[in-house]
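Take a look at the structure set out below.
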Amino acid sequence: MPMHSTSKQLWRDVQVFDGLAQLDEAMNVLVEDGCIAGLWPSSTFDEALAQGAVEAGRGGVMTPGLVDCHTHLVYAGDRAGEFEQRLEGVSYETIARNGGGIISSVRATRAASEDDLIAASLPRLDALLADGVTTLEIKSGYGLTVADELKMLRVARRLGELRPVRVLTTLLGAHALPPEYAGRADDYVSLVCDEMIPAAVAEGLADAVDVFCEGIAFSPAQCERVFQAAQHHGLAIKAHAEQLSNLGGSALAVRYGALSADHIEYLDEAGVRAMAEAGTVAVLLPGAFHVLRETQLPPIELLRQYGVPMAVASDANPGTSPICMPTLMANLACTLFRLTPREALAGMTAHGARALGLPDLGRIAVGAPADLCLWDIQQPAELAYAVQAGRLRQRVFNGAIVHAR
């Protein structure tokens, strides 16, 4: 059960990963009125500062609350059969072209009510929270009609009201071409731009707009129309880009001020350079890489050379990353993409928050919102090193301890 916050709480002798790096010594962390009020080495702490504070914890490792900046958490049905098909040698593209893939999830999601979708999605959300998430993005994209996309976004908003977590919503109407628009992709893009985006804005349901820029989805020209409509309505822009081929989707998104380009396995140096110049975040999704048994690695070394911030997210979805364990993603980012544990944890905290346009989150710094996790481990690298549930001792959201073990 959630615990009520007090106005002033103190954690003592914690090893701190501040969102970008591990601090050199054990720290005392003071939270007051929902924000981080102070951060001091334990060895030199002035006890007068603790006056009036409740001791909330001692020892362990403290990180910012995890930020899962790319999920497709709301959907109905499952695609276990396609998992089997892929293991038997059928490609993701072939499954999609034969009416499977995203479209199979569309059929199930269209048939589900809002309450059905809440019931299906809550266990997935609870799994993320149990693994330290305090902020996440939820995309639509399995409705592909105005009514069904809005239904998904309403469910995403409701999830943020039912649990102590910050939910941002992204309209992904340009996710796949619905069957009723076969051969008429431009007409469907018109629906997204002229009806879907305005309707989502009118109801206050979307924080951002996303596209799937890929040969099996939408062309750069079609995605650009969506970006223009999003920009006109004041919505942030994101892109699924360079996952299966290099169509220049990331560079296109950058020209429209995109917060992030996601997947990016086939991103080239020109795309990396464009992202670096714009400050766009590269969102790495090792879960999809793992499940699809992809072999084309994202250009990690180029991203490092150009100083592009790298976020890491679960991509929790029914087809290509049915995984709701963010700390496993940290491990996969290290083992598959060769990120360091520090890079992986920064990707799930400071850089993940930046990918959502929330640079004040994902940090342990004076004045930052007190979204925190206290872990029963000895050093931050253990979160990426070991795949192990149950290490979360406390989850703090807006200064309130909402999970304690």
Side-chain angles (χ1 to χ4, degrees), residues 3-67 131-135 164 166 307 309 326-327 330 334 339-354 358-386 388 390-405:
M3 298 172 63
H4 296 295
S5 64
T6 60
S7 61
K8 196 172 181 181
Q9 301 166 91
L10 181 68
W11 281 263
R12 293 181 182 269
D13 301 324
V14 292
Q15 299 296 323
V16 171
F17 180 86
D18 69 2
L20 294 173
Q22 181 177 355
L23 303 187
D24 289 337
E25 54 186 306
M27 305 294 288
N28 286 4
V29 180
L30 183 68
V31 168
E32 192 166 5
D33 297 327
C35 291
I36 297 169
L39 188 67
W40 304 273
S42 302
S43 60
T44 59
F45 182 67
D46 180 356
E47 286 298 330
L49 296 167
Q51 187 172 358
V54 173
E55 186 169 312
R58 184 184 288 268
V61 168
M62 179 173 281
T63 69
L66 301 187
V67 179
D131 208 39
V133 168
T134 54
T135 298
R166 186 178 295 98
T327 56
C334 294
L339 266 64
T340 66
R342 184 198 64 76
E343 288 173 324
L345 292 179
M348 304 190 72
T349 52
H351 296 327
R354 185 170 167 182
L358 300 171
D360 291 339
L361 293 178
R363 298 298 309 278
I364 297 179
V366 174
D371 289 0
L372 304 166
C373 289
L374 187 65
W375 306 88
D376 282 323
I377 55 178
Q378 299 302 308
Q379 56 181 319
E382 290 181 49
L383 289 176
Y385 151 72
Q388 180 180 337
R391 293 173 291 180
L392 183 64
R393 189 193 310 173
Q394 292 175 337
R395 189 173 71 93
V396 181
F397 179 64
N398 275 338
I401 300 172
V402 294
H403 164 86
R405 178 178 52 75

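Position 1 is the first residue of the sequence; numbering continues from there. Atoms considered below: every heavy atom in the structure, side chains included; atoms not considered: hydrogens, waters and symmetry mates.
- Between Thr327 and Gln388, every side-chain heavy-atom pair lies at or beyond the 4.5 Å cut-off.
- Separating the CZ atom in Phe45 from the CG atom in Asn28 is a distance of 5.0 Å, to the nearest 0.5 Å.
- The shortest heavy-atom contact between Ala346 and Phe17 is N-CZ, 3.7 Å.
- Under the 4.5 Å side-chain criterion, counting only non-hydrogen atoms from C-beta, Asp18 is not in contact with Thr349.
- With hydrogens and angles ignored, the 3.5 Å screen pairs no side-chain donor or acceptor of Arg58 with any backbone N or O of Asp13.
- A donor-acceptor contact shorter than 3.5 Å is absent between the side chain of Gln394 and the backbone of Trp375.
- Here Glu32 contributes atom CD and Ser7 contributes atom OG; the two are 6.0 Å apart, rounded to the nearest 0.5 Å.
- Between Gly367 and Cys35, the shortest heavy-atom contact is O-SG, 4.2 Å.
- Closest approach of Arg363 and Ala350 over heavy atoms only: CD-CB, 3.5 Å.
- Taking both residues in full, the closest heavy atoms of Gly59 and Leu374 are given as O-CD1, 3.4 Å, listed atom of the first, atom of the second, then distance.
- Side chain of Asp371 to main chain of Asn398: a donor-acceptor pair is present (N/O by atom type, distance under 3.5 Å, no hydrogens or angles).
- Looking at heavy atoms from C-beta onward, Val16 lies in side-chain contact with Val29 at the 4.5 angstrom threshold.
- Judged purely by atom type and a 3.5 angstrom limit, Lys8 uses its side chain to pair as donor or acceptor with the backbone of Gln51.
- To the nearest 0.5 Å, atom CD1 of residue Ile36 and atom CG of residue Asp33 are 13.5 Å apart.
- Side-chain atoms of Gln22 never come within 3.5 Å of backbone atoms of Gln15 as a donor-acceptor pair (strictly under, hydrogens ignored).
- Applying the salt bridge (charged side-chain N to carboxylate O under 4.0 Å, His left out) test to pairs two or more places apart or on separate chains, none has a residue in residues 21-31.
- In this structure, Arg395 contributes its side chain and Val133 its backbone to a donor-acceptor pair below 3.5 Å.
- Taking 4.5 Å as the limit, some side-chain heavy atom of Leu383 sits within range of a side-chain heavy atom of Thr63.
- No more than 12 heavy-atom neighbours from other residues, nucleotides or ligands sit within 6.0 angstrom of OH on Tyr385.
- Nearest heavy-atom pair, Leu361 versus Ala353, reported as atom, atom and distance to 0.1 Å: O-CB, 3.4 Å.
- Cys334 places a side-chain heavy atom less than 4.5 Å from the side chain of Pro341.
- Within the 4.5 Å cutoff, side-chain heavy atoms of Ile364 are placed close to those of Leu39.
- Taking the salt bridge (charged side-chain N to carboxylate O under 4.0 Å, His left out) definition, one finds that Arg405 meets it with Asp376, sequence neighbours left out.
- With rounding to the nearest 0.5 angstrom, the SG atom of Cys373 is 9.0 Å from the NE2 atom of His403.
- No side-chain heavy atom of Phe397 sits less than 4.5 Å from a side-chain heavy atom of Leu372.
- Across all non-hydrogen atoms, the minimal contact from Gln9 to Gly399 is NE2-O, 2.7 Å.
- Residues Trp11 and Met27 are not in side-chain contact: their nearest non-hydrogen atoms beyond the backbone lie 4.5 Å or more apart.
- Put simply, the side chain of Glu382 gets close to the backbone of Gln378: a donor and an acceptor are under 3.5 Å apart.
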